Amino acid sequence: MGRDVIIACDFNSAEETFSFLDKFSALEQKPFVKIGMELYYAEGPAIVRELKSRGHKIFLDLKLHDIPTTVKKSMSVLSKLDVDMTNVHAAGTTRMMEAAIEGLTREDGTRPILIAVTQLTSTDQEIMEKDLLINEPIDKVVMHYANNAKISGLDGVVCSPLEAKKVHDTCGKDFITVTPGVRFADGDVGDQKRVMTPAQAKEIGSDYIVVGRPITKAEDPVAAYKRCLAEFVD
Ligand code: C5P
């Protein structure tokens with residue numbers, strides 16, 4: 001499994017997305033991109049097909065969470081879109097995650113990488129206790145959910161770069177960690193609280209970093225992307 005940089009295309013239209021990605025057209029290897037709910041709900045499956053046909057690998061970040069049957073059927077639709085990676089909420093239970101794998105697996109036995117969201121980084125200990133009535137330490141909950149994802153047959157989790165090492169220690173080094181919250185040492189942190197540089201994320205063993213604004217809002221996005229690759233992959 002090779003490390004890679006995934007650019008979070010947090011745009012709300014195809015037009016904006018293509019005008020951004022056109023800047024990368026001279027690159028031999030098209031960037032791996034993340035399509036989230038905002039862009040997918042705005043443009044539908046057409047945006048996935050178009051980006052695929054332009055040669056991009058795609059992480060479709062829709063975070064499914066529903067009854068197992070619904071998730072299985074939805075995953076079966078998404079697998080036909082030929083994305084490279086997609087995800088579910090581990091809170092949906094091991095049965096739901098197993099159903100997701102079944103739905104995602106194509107007739108020839110292949111399937112996109114499937115990862116789970118453990119606890120969102122917007123959830124902290126207090127919110128978890130008050131809103132969700134979960135009283136265990138958040139760290140323990142995250143590792144429990146990661147382990148549930150592993151025993152359900154998933155390939156990995158989305159987690160903070162600060163959790164990546166512990167996830168690997170708990171679930172094995174082949175269990176994929178996909179980590180947002182990446183910033184350059186000399187860059188703007190913005191609204192991200194717990195951040196790491198691409199070089200630190202590499203050192204700690206992240207498999208993929210998801211980078212949005214440090215690339216999308218850079219004066220020279222291609223240079224910023226290349227800097228991520230140089231720090232994280234090379
Ligand atoms: O712009 P920035 O680099 O902060 O973007 C990070 C991306 O990763 C966004 O698409 C954000 O929604 C996503 N993400 C995150 N934290 C999580 C899960 C996803 O920042 N825990």
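Everything numeric in this text was worked out from a predicted model, so none of it was measured. Note that ligands are numbered from 1 as they come in the structure, with each ligand's atoms numbered from 1 the same way.
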**Salt-bridge present (Lys217, Asp10; N to O < 4.0 Å)** = no
**Message:** Contact between Glu231 and Lys202 at the side-chain level, heavy atoms closer than 4.5 Å - yes or no?
**Reply:** no
**Message:** Please list, in number order, the atoms of ligand 1 under 4.0 Å from a heavy atom of Arg213.
**Reply:** 1 (O), 2 (P), 3 (O), 4 (O)
**Request:** Could you tell me if the ring centre of Phe59 sits under 6.0 Å from that of Phe32?
**Result:** no
**Prompt:** So which heavy atom in the protein is nearest atom 21 (N) of ligand 1, and how far is it from that ligand atom?
**Reply:** Thr121 OG1, 2.7 Å
**Prompt:** Charged N to carboxylate O under 4.0 angstrom, Asp155 versus Lys150?
**Reply:** no
**Request:** Using a strict 4.0 Å cut-off to heavy atoms of Arg183, name the atoms of ligand 1 that fall inside it.
**Result:** 1 (O), 2 (P), 3 (O), 4 (O)
**Asked** Going by distance only, is there an N or O of Lys34 that falls short of 3.5 Å from an N or O of ligand 1?
**Response** yes
**Request:** Run down the list Thr179, Val178, Asp10, Val182 and name the one with the heavy atom closest to atom 10 (O) of ligand 1.
**Result:** Asp10
**Message:** Need the ligand 1 atom indices (1-based, order shown) with element for anything under 4.0 Å from a heavy-atom of Pro180.
**Reply:** 8 (O), 14 (N), 15 (C), 16 (N), 17 (C), 18 (C), 19 (C), 20 (O)
**Request:** State whether the shortest distance between N or O atoms of Gly212 and N or O atoms of ligand 1 falls below 3.5 angstrom.
**Result:** yes
**Fill in**
Sorted by chain and residue number, the salt bridge (charged side-chain N to carboxylate O under 4.0 Å, His left out) partners of Asp234 (sequence neighbours excluded) come out as none
**Asked** Which ILVMFWY residues can you reach from Val189 by hopping between side chains whose heavy atoms are under 4.5 Å apart?
**Response** Val195
**Request:** Distance to 0.1 Å, residue and atom name: give those for the protein heavy atom nearest to atom 6 (C) of ligand 1.
**Result:** Gln192 NE2, 3.8 Å
**Asked** Counting heavy atoms only, which part of Pro214 comes closer than 4.0 Å to ligand 1: side chain, backbone, both or neither?
**Response** side chain
**Message:** Given Asp84, which partner from the list His56, Lys57, Lys52 fulfils the side-chain hydrogen bond (donor to acceptor under 3.5 Å, both in side chains) test?
**Reply:** Lys52
**Message:** For Lys217, state whether at least one heavy atom is located under 4.0 Å from any atom of ligand 1.
**Reply:** no
